[in-house]
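Right, one structure below, let's go through it.
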Amino acid sequence: MNAQEPHGADPTYYRTYLGLDEVLGAIRPVSRMADGKPAHDEHLFIVTHQAFELWFAQLLHDLDAVLADLDRDPVPDTAMGQVVHRLERMVTILPVLLQQFAVLETMTPLDFLDFRDDLVPASGFQSAQFRLLENRLGLDAGRRLKIQGAVYTSRLDATDAATVADSEEGRSLRVIVDDWLARTPFVRLDGFDLWGAYTAAVRTMLERDRQLIASNPSVDEVVRDQQLASFEQTEGSFATLLDRDRWEELRAEGKRAFTYEAIRAALLIQLYRDQPALHLPFRLLTALIDLDTGMTSFRQAHARMVRRAIGARVGTGGTSGHAYLEATTAKHTVFGDLSDLATFHLPRRELPELPPHVREQMGFRYDVAGGGGGARPSTS
């Protein structure tokens, strides 16, 4: 007997540990062909969607742990590594879901028609776990597309609708990350105004670029006017970033989600990501952008698969099928503000140089005092 097993306990067995009798028993086709047997590809359809739901469960499991760790003030240093690790694992899972669509697409439209009518009104739209995932990530209910004028929970049963609606009230990852960013201390360090230094560098760059366009002898007036018009758009984007009131106006209009304090902290993390203290925060922001991109890719793959399977027909759940799914790819995003920050990046050579004492606070040093050794934050 294994020494780790309680006396008299039955040894753990593969099938029972994984609950395979229950899992495999849940593959229950509903179609019947002329010979009385289920449509052959309905088995593939069920297995694929069950696999989706299992992966959604894992994504929610990791996301809930991230929310619990990150929603603390302050976030313990020992928790940040796990937060980033779990977010990066979520990013890694999403391509697996895309590959499942590739497997499902081996089912031809005629194969699907063998059992499609038997599924009505069931639909992938009724996946409560996917809706929970969207809400806990931070998809604003006001941004959701409606179905024939009704809210998205209207196609769920009473139990799922209540669970999903309740999730709208919780603190989402976007809200928690916004609070975490807004508390970032390095925007001002010991009298050095990093944001002010960045603002000055931007204004110097913009003025230089304007002069280059205006004095370029190789273009005619028409081209110069076009370039200046494009430049003014860029200048307007920077003006919005540098003006708190204008940024908050965009938030009030629903065009931006992150607060002004949070977005400028996120930008400076990206710009000074080479500083050791910012390595993990940079990876966290990158994972959020990758998650948003992965969720969009999932929706696009779903839309493509539906179009291949049913063309322009109405979906089994009553939506417009492919057209509805395609529309969600642009609308149902969460971390677009972070993706847009690339607009405001400066080349490393033009970034304001950090004073020595600031670099020391953001760095690590190797301490060999007392014969010991080990890297530690320079602020310790």
Side-chain angles (χ1 to χ4, degrees), residues 63 66-67 70-71 73 87 133-146 152 167-188 193-203 205-206 230-273 278 281-297 299 327-346:
L63 180 55
V66 168
L67 296 176
L70 203 55
D71 196 15
D73 182 10
L87 287 173
L133 182 61
E134 290 178 319
N135 288 347
R136 289 177 189 170
L137 286 174
L139 179 58
D140 192 315
R143 290 179 58 85
R144 284 188 178 275
L145 296 178
K146 293 187 175 182
Y152 72 108
S167 70
E168 293 180 3
E169 305 302 320
R171 281 171 57 79
S172 69
L173 182 60
R174 185 193 60 76
V175 171
I176 291 171
V177 168
D178 191 294
D179 288 346
W180 172 73
L181 285 169
R183 299 193 302 266
T184 300
F186 77 91
V187 176
R188 289 179 180 273
D193 184 358
L194 189 51
W195 185 251
Y198 168 79
T199 300
V202 166
R203 288 173 175 159
M205 178 195 70
L206 292 175
S230 177
F231 171 79
E232 288 174 358
Q233 290 181 347
T234 301
E235 193 173 37
S237 296
F238 274 100
T240 298
L241 179 70
L242 301 177
D243 186 332
R244 178 189 298 271
D245 292 339
R246 178 56 184 148
W247 183 270
E248 293 300 337
E249 286 176 9
L250 293 179
R251 288 189 68 224
E253 295 169 4
K255 296 177 181 178
R256 291 296 181 188
F258 278 82
T259 62
Y260 187 71
E261 290 77 8
I263 205 65
R264 67 176 187 170
L267 175 60
L268 294 177
I269 288 171
Q270 290 185 347
L271 292 176
Y272 292 93
R273 67 186 190 185
L278 301 183
F282 173 72
R283 284 173 55 191
L284 188 150
L285 295 182
T286 301
L288 297 178
I289 295 170
D290 290 344
L291 268 176
D292 220 18
T293 301
M295 293 288 285
T296 297
S297 296
R299 296 184 183 100
T328 65
T329 62
K331 190 76 171 176
H332 292 181
T333 57
V334 177
F335 298 107
D337 287 356
L338 299 182
S339 297
D340 289 347
L341 284 178
T343 306
F344 310 111
H345 285 188
L346 300 177

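Note: hydrogens, waters and symmetry copies are ignored here, and every other heavy atom, side chains too, is used. By convention here, the first residue in the shown sequence is residue 1.
Here the CD1 atom belonging to Ile263 is positioned 10.0 Å from the CZ atom belonging to Arg251, to the nearest 0.5 angstrom. Between the CG atom of Leu67 and the CG atom of Leu173 there is a distance of 5.5 Å, given to the nearest 0.5 Å. Note that the CG atom of Leu70 and the CD1 atom of Ile176 stand 6.5 Å from one another [nearest 0.5 Å]. We find the CG-CZ distance between Leu242 and Arg203 to be 6.0 Å, quoted to the nearest 0.5 Å. Taking CG of Asp179 as the reference point, atom OG1 of Thr184 lies at 11.0 Å (rounded to 0.5 Å). Atom CD1 in Ile289 sits 10.5 Å away from atom CG in Leu284 (nearest 0.5 Å).
At a threshold of 4.5 Å between non-hydrogen side-chain atoms, the residues Phe231 and Leu206 count as touching. Contact of the Val66 side chain with the Arg136 side chain is not registered, since no non-hydrogen atoms from C-beta on lie closer than 4.5 Å. Contact of the His345 side chain with the Leu267 side chain is registered, since non-hydrogen atoms from C-beta on lie closer than 4.5 Å. Looking only at side-chain heavy atoms (C-beta outward), Arg273 and Gln270 stay at 4.5 Å or farther from each other.
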Practice problem: Show your working on side-chain contact (heavy atoms from CB on, under 4.5 Å) between Arg144 and Asn135 and close with a plain yes or no. | Solution: CA-CA 11 Å; Arg144 284 188 178 275; Asn135 288 347; 3.0 Å; yes

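Residues satisfying the side-chain contact (heavy atoms from CB on, under 4.5 Å) criterion with Ala257, sequence neighbours excluded, are Arg174, Asp337. Not counting sequence neighbours, the partners of Arg299 by the side-chain contact (heavy atoms from CB on, under 4.5 Å) test are Phe130, Glu134, Met295, Thr296, Thr328, Thr329, His332. For the side-chain contact (heavy atoms from CB on, under 4.5 Å) test, residues two or more places apart in sequence or in another chain that qualify with Ala141 are Glu168. Every residue meeting the ring-ring contact (aromatic ring centres under 6.0 Å, His included) condition with Tyr198, not counting sequence neighbours, appears here in chain and number order: Trp195. Take Phe344 and apply the ring-ring contact (aromatic ring centres under 6.0 Å, His included) test, not counting sequence neighbours, and it matches Phe238. Judged as a side-chain contact (heavy atoms from CB on, under 4.5 Å), and not counting sequence neighbours, the contacts of Asp340 are Arg256.
Asp178 places a side-chain N or O within 3.5 Å of a backbone atom of Thr259 that can act as its donor or acceptor partner. Formation of a donor-acceptor pair under 3.5 Å by the Trp247 side chain with backbone atoms of Phe258 is found in this model. When atom types are taken as modelled, the side chain of Glu248 and the backbone of Tyr260 share a donor-acceptor pair closer than 3.5 angstrom.
Between Asp292 and Thr333, the side chains place no donor N or O within less than 3.5 Å of an acceptor N or O (distance only, hydrogens not considered).
Contact between Leu137 and Val334 at its shortest, heavy atoms only, is O-CG1, 3.4 Å. Smallest separation of non-hydrogen atoms from Gly254 and Arg143: O-NH1, 4.2 Å.
If you run side-chain contact (heavy atoms from CB on, under 4.5 Å) between Leu285 and each of Leu341, Ile269, Leu87, only Ile269 comes through.
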